[in-house]
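Heads up: numbering here begins at 1 and tracks the sequence. Just follow the structure's listing: the first ligand is 1, and inside any ligand the first atom is 1.
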Amino acid sequence: MIMSKTSTMTDKTPRVVILISGRGSNMISIVNAVNDGSLPIKIAAVISNRPDAAGIEFAQQAGIDTAIIDHKAFALREDFDQKMASKIDTYSPDLVVLAGFMRILTTEFVEHYANKLINIHPALLPKFKGMDTHQRAIDAGETEHGASVHFVTAELDAGPVILQAKVPILSTDTAETLAARVLEQEHKLYPEAINKLVTKS
Ligand code: GRF
């Protein structure tokens, strides 16, 4: 008999919804970790706010439920967030994972998912919240940089850190070379952080 990975999943397997906006390489690293048996979760859905997000096609081909909720169709941020939340809640997730999801979320949304909404940020928080983290780290003369997985709270990039990964900053680094080295770490860090949360290890 051929056993599929899903055959090892039980009713108690933590359910995860992943939100993306673009290429989705972190989402793909999470899917790969599930498929190689190192991450005991069920990816219930991948949802994008952008119809052209490359990651959506990957998720579809991987047989994962997908949805697109285009934020441009909503005049109010509150309405978009409510629509997202009602879609997410149909999957009864234990964890909602932001993986390159490029929208500021309302406090209401964030509080609705208190303690089960996480994000990956390309910097060693609390340093370099916000955008252009790699260039800012180089400009600040930092010798190391990295990525953080953290709980999402109402204040941008300020929630409690779950795990971090560090890389050295080389004298030859540009924002692009540094971003690539950090991204490589992100792809290991995010599955590891999710694993830590779902297994409470
Ligand atoms: C990553 O660098 C992540 O840290 C940041 O947005 C980027 C998303 O990349 N939040 P991807 O869509 O996962 O490839």
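- Heavy-atom neighbours of E78 CD from other residues, nucleotides or ligands within 6.0 Å: above the threshold of 12.
- Looking at G100, P122, G55, G22, it is G100 that brings a heavy atom closest to atom 6 (O) of ligand 1.
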* Going through the distances and angles, do L197 and F151 end up as a side chain to side chain contact (heavy atoms under 4.5 Å, CB included)? -> CA-CA 11 Å; L197 288 176; F151 284 105; 3.7 Å; yes
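- Classification of K127 and E142 as a salt-bridged pair holds, one side-chain N sitting under 4.0 Å from a carboxylate O.
- In terms of protein heavy-atom proximity, atom 9 (O) of ligand 1 is nearest to R23 NH2, 3.2 Å.
- Other residues, nucleotides and ligands place more than 12 heavy atoms under 6.0 Å from the NZ atom of K129.
- Taking only nitrogen or oxygen atoms, main chain and side chain alike, G24 reaches within less than 3.5 Å of ligand 1.
- Residue pairs that meet the ring-ring contact (aromatic ring centres under 6.0 Å, His included) test with at least one member in residues 57-79, sequence neighbours left out, are F74-F80.
- Distances from atom 5 (C) of ligand 1 to the heavy atoms of I30, I120, I18 put I120 nearest.
- Not one N or O of N119 is nearer than 3.5 Å to an N or O of ligand 1, by distance alone.
- Residue S25 has at least one nitrogen or oxygen atom sitting less than 3.5 Å from a nitrogen or oxygen atom of ligand 1, judged on distance alone.
- Here salt bridge (charged side-chain N to carboxylate O under 4.0 Å, His left out) pairs that include residues 106-116, with residues two or more places apart or in two chains, number zero.
- Closest to atom 4 (O) of ligand 1, if we only count protein heavy atoms, is E186 OE1, 2.7 Å.
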